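Note sheet for the following structure.
For clarity, every value in this text was computed on a predicted model and none was experimentally measured.
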Amino acid sequence: MSYKIIFFDVDGTLTHHENRTISNETREIVKTLKDKGIKVVAATGRPLSLCEEIKELGIDTFITANGAFTVHNEEIIHKLSMDKHAAREVFEYAASHNHGLSFYTKELSMNGIKDDNILKALKETLSLSDYPQINERIYDEDIYLMCLYSDDKTAEQYKQRFPQLMFKRWHPFVVSVLQEEITKSVAIVKVLNYFNIHQSEAIAFGDGNNDIDMIEFVGLGIAMGNGSDKLKRAADFVTKKSSEDGIEFALKKFKVL
């Protein structure tokens, strides 16, 4: 099979799953793929503003906010923003109950609530060692994704209060707040159409449950060795860990490199 495009999750896939660094081997692989004419896309839960180190690899197409905002260079391919009234209601409810919320526009901001569990989750999911900026009128902007930092009891409270919204847990202490279904695979469809590439000609690499729909959709779905058990069951192939050059191992196995 001749593959024309590869979608890479970022954290735990392109980056080392323990120390979050990007190896020189990974940098060389991205360069080699591009030199071969294979398109390389980052598909991440991060907002675009936290993708600068990925841009430095030479990647110019980004699926961000788990699929809600997608760009090629400066051109917007796909975006889904929340209703501003709904966003404000959740914002005000969280503030009144002292619950942490983060907001994904092109940048990342929060509502100012601080808690050790929130900081731990920010580190584990976005490699942040401090809280992002506070934007007290964030609901006036285009919000592509909101994340509630909570346990199951608090998340249930929000489900009862906002039945028109969806709440999807993707981390032990993080729940996505969605107005409509947002997935990486929906964004992948837009990218494939943009470049006129068939899904059978696409490969995807991931490590988390938010990558499942992505690796199931493409022609070849690969789970990292450090990935979740659920993702591994859905994958066509399980490679080595990101710390063990799992990307290179898989691409050589399938003769892409």
Side-chain angles (χ1 to χ4, degrees), residues 7 9-10 42-51 62-71 75-113 118 121-122 125-126 132-194 206 208-214 216-217:
F7 297 87
D9 168 59
V10 173
T44 178
R46 296 185 186 190
L48 189 60
S49 64
L50 294 185
C51 293
F62 289 85
I63 294 170
T64 68
N66 273 336
F69 187 66
T70 302
V71 295
E75 183 178 355
I76 297 173
I77 296 176
H78 171 64
K79 71 173 183 176
L80 286 171
S81 55
M82 291 191 70
D83 174 79
K84 289 178 168 56
H85 178 71
R88 182 168 184 166
E89 282 192 325
V90 177
F91 177 96
E92 292 176 345
Y93 185 79
S96 66
H97 289 77
N98 210 42
H99 296 150
L101 272 182
S102 62
F103 311 93
Y104 291 58
T105 56
K106 283 186 178 180
E107 300 181 338
L108 179 71
S109 59
M110 284 195 71
N111 64 347
I113 305 301
I118 294 175
L122 287 169
T125 60
L126 295 170
Q133 63 184 342
I134 299 170
N135 187 333
E136 294 180 351
R137 292 191 65 85
I138 188 66
Y139 43 78
D140 289 334
E141 300 183 21
D142 283 340
I143 298 172
Y144 304 115
L145 177 68
M146 286 196 293
C147 285
L148 171 68
Y149 295 81
S150 75
D151 56 21
D152 288 339
K153 182 180 178 181
T154 299
E156 186 60 35
Q157 185 179 328
Y158 277 76
K159 290 177 185 177
Q160 298 297 322
R161 177 65 179 78
F162 302 101
Q164 77 277 24
L165 300 177
M166 293 184 289
F167 296 85
K168 294 177 65 175
R169 182 170 297 284
W170 57 278
H171 176 274
F173 202 68
V174 189
V175 177
S176 291
V177 183
L178 308 170
Q179 195 163 352
E180 54 187 302
E181 192 69 28
I182 292 173
T183 64
K184 291 183 179 181
S185 62
V186 169
I188 284 175
V189 171
K190 304 292 184 181
V191 172
L192 293 177
N193 288 341
Y194 181 86
N209 288 348
N210 63 327
D211 298 318
I212 291 174
D213 67 291
M214 174 172 76
E216 287 183 332
F217 177 76

Exercise. Does the pair Leu192 and Phe217 meet the rule for a side chain to side chain contact (heavy atoms under 4.5 Å, CB included), with working shown?
Worked result: CA-CA 12 Å; Leu192 293 177; Phe217 177 76; 3.8 Å; yes

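- Between Pro47 and Leu108, the shortest heavy-atom distance links the atoms CG-CB, 3.6 Å.
- Closest of all the heavy-atom pairs between Pro172 and Arg169 is O-NH1, 3.0 Å.
- Looking at every heavy atom in both residues, Asp9 comes nearest to Thr44 through OD1-CA, 4.5 Å.
- Of all heavy-atom pairs between Asn111 and Ala94, the closest is ND2-CB, 4.0 Å.
- Residues Ile63 and Lys190 are not in side-chain contact: their nearest non-hydrogen atoms beyond the backbone lie 4.5 Å or more apart.
- For the pair Val191 and Phe7, the minimum side-chain heavy-atom distance is below 4.5 Å.
- In terms of heavy atoms, Phe91 sits closest to Asn135 at CE1-O, 4.0 Å.
- Inter-residue side-chain proximity for Thr105 and Asp142 is flagged as unmet; no heavy-atom pair is nearer than 4.5 Å.
- Under the 4.5 Å side-chain criterion, counting only non-hydrogen atoms from C-beta, His97 is not in contact with Arg161.
- Tested against Tyr93 for a side chain to side chain donor-acceptor pair (under 3.5 Å), the candidates His99, Arg88, Gln157 yield a single pass: Gln157.
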For this session: Could you please spell out the steps behind the side chain to side chain contact (heavy atoms under 4.5 Å, CB included) verdict for Tyr149 and Leu122?
Result: CA-CA 10 Å; Tyr149 295 81; Leu122 287 169; 3.4 Å; yes

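- Using a cutoff of 4.0 Å between basic side-chain nitrogens and carboxylate oxygens, Glu141 and Lys106 are not scored as salt-bridged.
- Here Asn210 contributes atom CG and Ser185 contributes atom OG; the two are 11.0 Å apart, rounded to the nearest 0.5 Å.
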For this session: Check step by step if side chain to side chain contact (heavy atoms under 4.5 Å, CB included) holds for His78 and Val186.
Result: CA-CA 9 Å; His78 171 64; Val186 169; 4.0 Å; yes

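- Atom CG of residue Asp151 and atom CZ of residue Phe173 lie 6.0 Å apart, to the nearest 0.5 angstrom.
- Every residue two or more places apart in sequence or in another chain that forms a side-chain hydrogen bond (donor to acceptor under 3.5 Å, both in side chains) with Ser176 is listed here: Trp170.
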Problem set entry | Verdict with reasoning, Lys79 to Thr70, per side chain to side chain contact (heavy atoms under 4.5 Å, CB included) | CA-CA 6 Å; Lys79 71 173 183 176; Thr70 302; over 6 Å; no

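- Between Tyr104 and Leu50, every side-chain heavy-atom pair lies at or beyond the 4.5 Å cut-off.
- Between atom CE of residue Met214 and atom NZ of residue Lys184 there is a gap of 4.5 Å, rounded to the nearest 0.5 Å.
- A heavy-atom distance below 4.5 Å is not found between the side chains of Lys84 and Tyr139.
- In this structure, CZ on Phe69 lies 11.5 Å from CG on Leu80, to the nearest 0.5 angstrom.
- Across Cys51 and Arg46, no two heavy atoms sit closer than the pair SG-CB, 4.2 Å.
- Once rounded to the nearest 0.5 Å, the distance linking OG1 of Thr154 with CG of Leu148 reads 7.0 Å.
- Other residues, nucleotides and ligands contribute over 12 non-hydrogen atoms within 6.0 Å of the CD atom of Glu156.
- Going from atom CD of Gln164 over to atom CG of Asp83 covers 9.0 Å, rounded to the nearest 0.5 Å.
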